[in-house]
Visitor: 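Shown below is the structure under consideration.
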Amino acid sequence: MPRNHLRHPFEERLLQIRQNEQTKPFDWYPFDSLGNITHLEALLPKGMDTVLELAGDEPVADFGTGDGDMAFLLESLGCKVTAIDWPGTNANQMRGLRLLHHELASSASIREIEIDQQFQLSGERFGLILALGLLYHLKNPYYFLENTAIHARYGLFSTGILPHGKTGEPVAYLAGDREFHNDPTNFWFFSEAGILRLLDRCGWHVLKTRITGDGKDNRFFCLAESRIAKTRPTVRLLDGWHKVENHAWRWTNRDFAVVIENLTGATRFEFHFRMAEAPLTVEANVNGQQLPAETFSTPGENVYSQTIAPATLRCEIRIRISQTFLEPGDGGRDLGVIVRLPSDTLINEDCGFQLRQM
């Protein structure tokens, strides 16, 4: 891309890294990921500023991230980003993504998820997801869209669609092995009515659409809002949590917090935890209002449970425990209690919380 045609100043940094890595033992992702900026500028009222507004204070996930150009761009604009792809289908086994991550000193999270399987997002909550140029590469786009609608408030999607005039019906066409661009990873091409029907059935309300192309090779872009995430109670981690270990548990600090969204009416929340030593006292407040403290005298599995009736749909719960211990070794962590991954990871996140409507 000539420098006088850059879509965003951040593109200059990516070009510099790529030019300095001419001897790398792999090929970069061959397509122009930042070309999506032009389409998003045309689709959204304020272009990339709208993207930031959609994300709000929640993380952004870029599915099928390629080398991560869009993910790192959004990170440079202040977003907390998760870049998601799968080495088996990524053009360079995600080596380009990891190299850029290193050279940019990025703090973005990189996740290896086989998106075309029945993947789980472990209760994570995103303000916005990107799936640009991805859907027609999926064998099961229905599962992908339905699953992500649980976890994200907004989605920006693009995919190849059938030529204009092919059909006005909501249909899909299964491509031959190398029928399009000699690419065996192309699967489903929907008509415009078909992709709109698919999004609707999967829980997405389409807000804006844009179609580009020459009538034969067309691309469909859209902004959609999740009807599911908009109404379903969700729990999101704030501060005070250590990373998940062995895909099974995580530690807390002495002070830790969550935010619960979409609560309506009285709700019983249960915090399930495991403690090593007793006694231990748990204190909590909801939106600054103190809840009754409880002292637990038996090591092992315990539950701190309270009924709350917040005046707003969003409540912040802050918890403090009476004791922690220092992990052995240099730079040991301050460890509180253990929380295990819940069985219903679609709602409760990896934080031991369960919600019961009263």
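In this chain, numbering begins with 1 at the start of the sequence shown.
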Visitor: Side chains of Asp200 and His205 only: does a donor on one sit below 3.5 Å from an acceptor on the other?
Guide: no
Visitor: I'd like to know if the side chain of His137 pairs up with that of Asn186 as donor and acceptor (distance under 3.5 Å, no hydrogens or angles considered).
Guide: yes
Visitor: Rounded to the nearest 0.5 Å, how far does CZ of Arg178 lie from OG1 of Thr185?
Guide: 9.5 Å
Visitor: With a 4.0 Å cut-off, would you call Lys243 and Glu245 a salt bridge?
Guide: no
Visitor: Going by atom types only, do Asp67 and Asn92 share a side-chain donor-acceptor pair under 3.5 Å?
Guide: yes
Visitor: Taking atom types as modelled, is there a side-chain donor on Thr65 or Asp85 under 3.5 Å from an acceptor on the other?
Guide: no
Visitor: Under a plain distance cut-off of 3.5 Å, with no hydrogens placed, do Glu179 and Tyr173 share a side-chain donor-acceptor pair?
Guide: yes
Visitor: Supply the atom-to-atom distance Ile308 CD1 to Asn285 CG, rounded to the nearest 0.5 angstrom.
Guide: 11.0 Å
Visitor: So does Met70 get a backbone contact from the side chain of Ser33, meaning a donor-acceptor N/O pair under 3.5 Å?
Guide: no
Visitor: Do Phe190 and Leu162 come within less than 4.5 Å of each other through their side chains, counting heavy atoms only?
Guide: no
Visitor: Any chance the side chains of Ser106 and Glu75 put a donor and an acceptor closer than 3.5 Å?
Guide: yes
Visitor: For the side chain of Glu146 and the backbone of Tyr142, is there at least one donor-acceptor N/O pair under 3.5 Å apart?
Guide: no
Visitor: Pairing donors with acceptors under 3.5 angstrom, does anything connect the side chains of His272 and Glu270?
Guide: yes
Visitor: Is a side-chain N or O of Asp116 found less than 3.5 angstrom from the main chain of Lys139, in a donor-acceptor match?
Guide: yes
Visitor: Under 3.5 Å, is there a donor-acceptor pair between the side chain of Ser226 and the main chain of Arg153?
Guide: no
Visitor: Side-chain heavy atoms under 4.5 angstrom apart, residues restricted to Ile, Leu, Val, Met, Phe, Trp, Tyr: same cluster for Leu207 and Leu156?
Guide: yes
Visitor: Within 45 degrees of the axis of the six-membered ring of Trp204 and under 6.0 Å from its centre: does Arg227 put its NZ or CZ there?
Guide: no
Visitor: Any salt bridge between Arg13 and Glu103, counting N to O under 4.0 Å?
Guide: no
Visitor: Any side-chain to backbone donor/acceptor pair from Asn20 onto Ile17? Under 3.5 Å, distance only.
Guide: no
Visitor: Please round to the nearest 0.5 Å and tell me the distance separating atom CG of Leu145 and atom CD1 of Ile150.
Guide: 11.5 Å
Visitor: Is there a donor-acceptor contact under 3.5 Å from the side chain of Ser191 to the main chain of Glu169?
Guide: yes
Visitor: Can you confirm whether more than 12 heavy atoms, excluding those of Arg95, are under 6.0 Å from its CZ atom?
Guide: yes
Visitor: Using modelled atom types only, decide if a donor and an acceptor are shared between the side chain of Asp255 and the backbone of Asn253 within a distance under 3.5 Å.
Guide: no
Visitor: Please determine whether a side-chain nitrogen of the Lys or Arg among Asp239 and Arg318 lies less than 4.0 Å from a carboxylate oxygen of the Asp or Glu.
Guide: yes
Visitor: Please give me the minimum heavy-atom distance between His242 and Arg250, naming the atom from each residue.
Guide: O-NE, 2.7 Å
Visitor: Say you draw a straight line from CG of Asp334 to CD of Glu327; how long is it, rounded to the nearest 0.5 Å?
Guide: 10.0 Å
Visitor: Are Arg210 and Glu41 close enough for a salt bridge, meaning some N to O gap below 4.0 Å?
Guide: no
Visitor: When you check the gap from the basic side-chain N to the acidic O, do Arg320 and Glu283 get nearer than 4.0 Å?
Guide: no
Visitor: Give a yes or no on whether a salt bridge exists between Asp62 and Arg111, defined as a side-chain N under 4.0 angstrom from a carboxylate O.
Guide: no
Visitor: When you look at Thr82 and Phe126, which way does the side chain to side chain contact (heavy atoms under 4.5 Å, CB included) test go after all the steps?
Guide: CA-CA 9 Å; Thr82 298; Phe126 300 102; 4.1 Å; yes
Visitor: State, to 0.1 Å, how close Glu114 and Trp86 come at their nearest heavy-atom pair, and which atoms those are.
Guide: N-CE3, 3.4 Å
Visitor: First locate atom CD of Gln19, then atom CG of Leu14, and finally report the distance between them rounded to the nearest 0.5 Å.
Guide: 11.0 Å
Visitor: Assess the side chains of Ser305 and Arg268: does a donor N or O sit below 3.5 Å from an acceptor N or O?
Guide: yes
